[in-house]
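Reading through the structure tokens given below for one structure.
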Amino acid sequence: RLRRLTDALSKVDRIIALSADSATRLRMGGISAPVDVVAIPVTVPDVGYRRVIHPNQVVFAGWPSEAKGIEMFRRLSKRQDLAGVVFTELSGDMERDDVLLALADAGVLLVPEQWPNPGPLVVSEAMALGVPVIASDIGGIPETLDNRGRLVKHDDEEAWADAITEAVLYDEDNGTSPRNNHVEIRYQIGEVYSNAVRDSSRG
């Protein structure tokens with residue numbers, strides 16, 4: 001079956017992958033067709049440019065599984081040295097827009113993936129909302145984050161704790177810290193997607 005799939009995929013004109021990590025895995029699997037890397041288009045609620053509402057809140061958004069790092073998130077939430085941090089899980093039966101609106105008010109998104117994720121959509125969503133991101137240095141996450149957040153070795157609990165401690169520091173004069181410019185990030189994400197689609201269609 002794998003040989004048949006490889007043969008079939010090698011005969012197509014072009015393959016669109018969600019990240020360079022996916023493209024690498026396709027090539028490692030013996031796929032010879034040209035591969036373009038195209039990010040998933042991201043849509044988020046218009047939250048406007050604002051400052052952090054809950055600067056000490058660190059959120060996990062996504063399916064609560066070990067592969068997604070929920071156990072790492074929960075271990076971090078029990079650490080005494082992080083007692084001043086509010087850990088919130090945005091998962092389960094929540095509607096997507098409710099998750100994104102709650103994320104928009106938080107101080108930091110934590111993405112403690114434990115397995116390579118070729119297309120971490122939540123990272124793009126957070127960036128489009130202007131929310132700072134701390135994420136695993138694994139799979140397609142570094143490419144998606146594009147130096148706009150902090151990368152941590154996926155299984156290094158101490159490194160996660162240090163990153164969180166640094167991230168929740170904020171201006172004590174007014175209890176807030178500034179957002180990333182979500183308008184600029186949305187524009188850049190749109191440009192990457194539009195250019196990739198246009199270039200791939202030329203082939």
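Because the structure is predicted, anything quoted here is derived from the model rather than measured.
From Gln114, atom CD reaches atom CD of Glu71 across 9.5 Å, with rounding to the nearest 0.5 Å. Note: Asn56 CG to His54 NE2 = 11.0 Å, rounded to the nearest 0.5 Å. In this structure, CG on Leu103 lies 11.0 Å from OG1 on Thr88, to the nearest 0.5 angstrom. Atoms CD1 and CZ, from Ile16 and Arg14 in turn, are 8.5 Å apart once rounded to the nearest 0.5 Å. Interatomic distance, Ser77 OG to Ile70 CD1, rounded to the nearest 0.5 Å: 8.5 Å. Taking CG of Leu109 as the start and CD of Gln57 as the end, the distance is 11.0 Å to the nearest 0.5 Å.
Thr144 approaches Met127 most closely through the heavy-atom pair O-CE, 3.1 Å. Nearest heavy-atom pair across Leu151 and Pro142 is CD1-CB, 3.8 Å. The shortest non-hydrogen separation linking Asp156 to Met72 is N-CE, 4.3 Å. Taking each heavy atom of Ile15 and Leu9 in turn, the nearest pair found is CD1-O, 3.9 Å. The two residues Val99 and Leu90 make their nearest non-hydrogen contact at O-CD1, 3.7 Å. In terms of heavy-atom proximity, Ala161 sits nearest to Asp81 at CB-OD2, 4.2 Å.
Counting only heavy atoms from C-beta outward, the side chains of Val85 and Leu76 never approach each other to under 4.5 Å. Residues Arg74 and Pro64 meet the side-chain proximity criterion, which asks for heavy atoms closer than 4.5 Å.
Salt-bridge formation is detected for the pair Arg25/Asp21: a Lys NZ or Arg NE/NH1/NH2 atom is positioned less than 4.0 Å from an Asp or Glu carboxylate oxygen. In summary, Glu158 and Arg79 engage in a salt bridge, as defined by a charged side-chain N under 4.0 Å from a carboxylate O.
Val12 and Ile31 fall within the same hydrophobic cluster, defined by Ile, Leu, Val, Met, Phe, Trp and Tyr side-chain heavy atoms under 4.5 Å apart, directly or through other members. Residue Leu101 is grouped with residue Val133 when hydrophobic side chains (ILVMFWY) are merged at heavy-atom distances under 4.5 angstrom, including chains of intermediate members. Cluster membership for Phe60 and Ile134, using ILVMFWY side-chain heavy atoms within less than 4.5 angstrom, is shared. The hydrophobic cluster containing Trp115 does not contain Leu121, counting ILVMFWY residues as joined when their side-chain heavy atoms lie under 4.5 angstrom apart, directly or transitively.
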- Kindly indicate, with the supporting measurements, whether the criterion side-chain contact (heavy atoms from CB on, under 4.5 Å) is fulfilled by Leu82 and Thr165. CA-CA 7 Å; Leu82 298 176; Thr165 299; 3.4 Å; yes

- Apply the test side-chain contact (heavy atoms from CB on, under 4.5 Å) to residues Glu125 and Val131: give CA-CA distance (whole Å), side-chain angles for both, the deciding distance (0.1 Å), then the verdict. CA-CA 9 Å; Glu125 290 171 330; Val131 179; over 6 Å; no

- Would you please test Asp7 and Arg3 for salt bridge (Lys or Arg N to Asp or Glu O under 4.0 Å) and show each step? CA-CA 6 Å; Asp7 289 345; Arg3 183 182 58 77; 3.4 Å; yes

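Ring-plane geometry between Phe87 and Phe73 is classed as perpendicular, the angle between the planes exceeding 60 degrees on a 0 to 90 degree scale with a lower cut at 30.
Under the 3.5 Å distance criterion, the side-chain polar atoms of Ser10 are matched with a main-chain donor or acceptor of Ser32. Side chain of Trp160 to main chain of His154: a donor-acceptor pair is present (N/O by atom type, distance under 3.5 Å, no hydrogens or angles). With hydrogens and angles disregarded, a donor-acceptor distance shorter than 3.5 Å links the side chain of Ser136 to the backbone of Glu113.
By the neighbour-count criterion of 12 heavy atoms within 6.0 Å, atom CD of Glu66 is densely surrounded, having more than that number from other residues, nucleotides or ligands.
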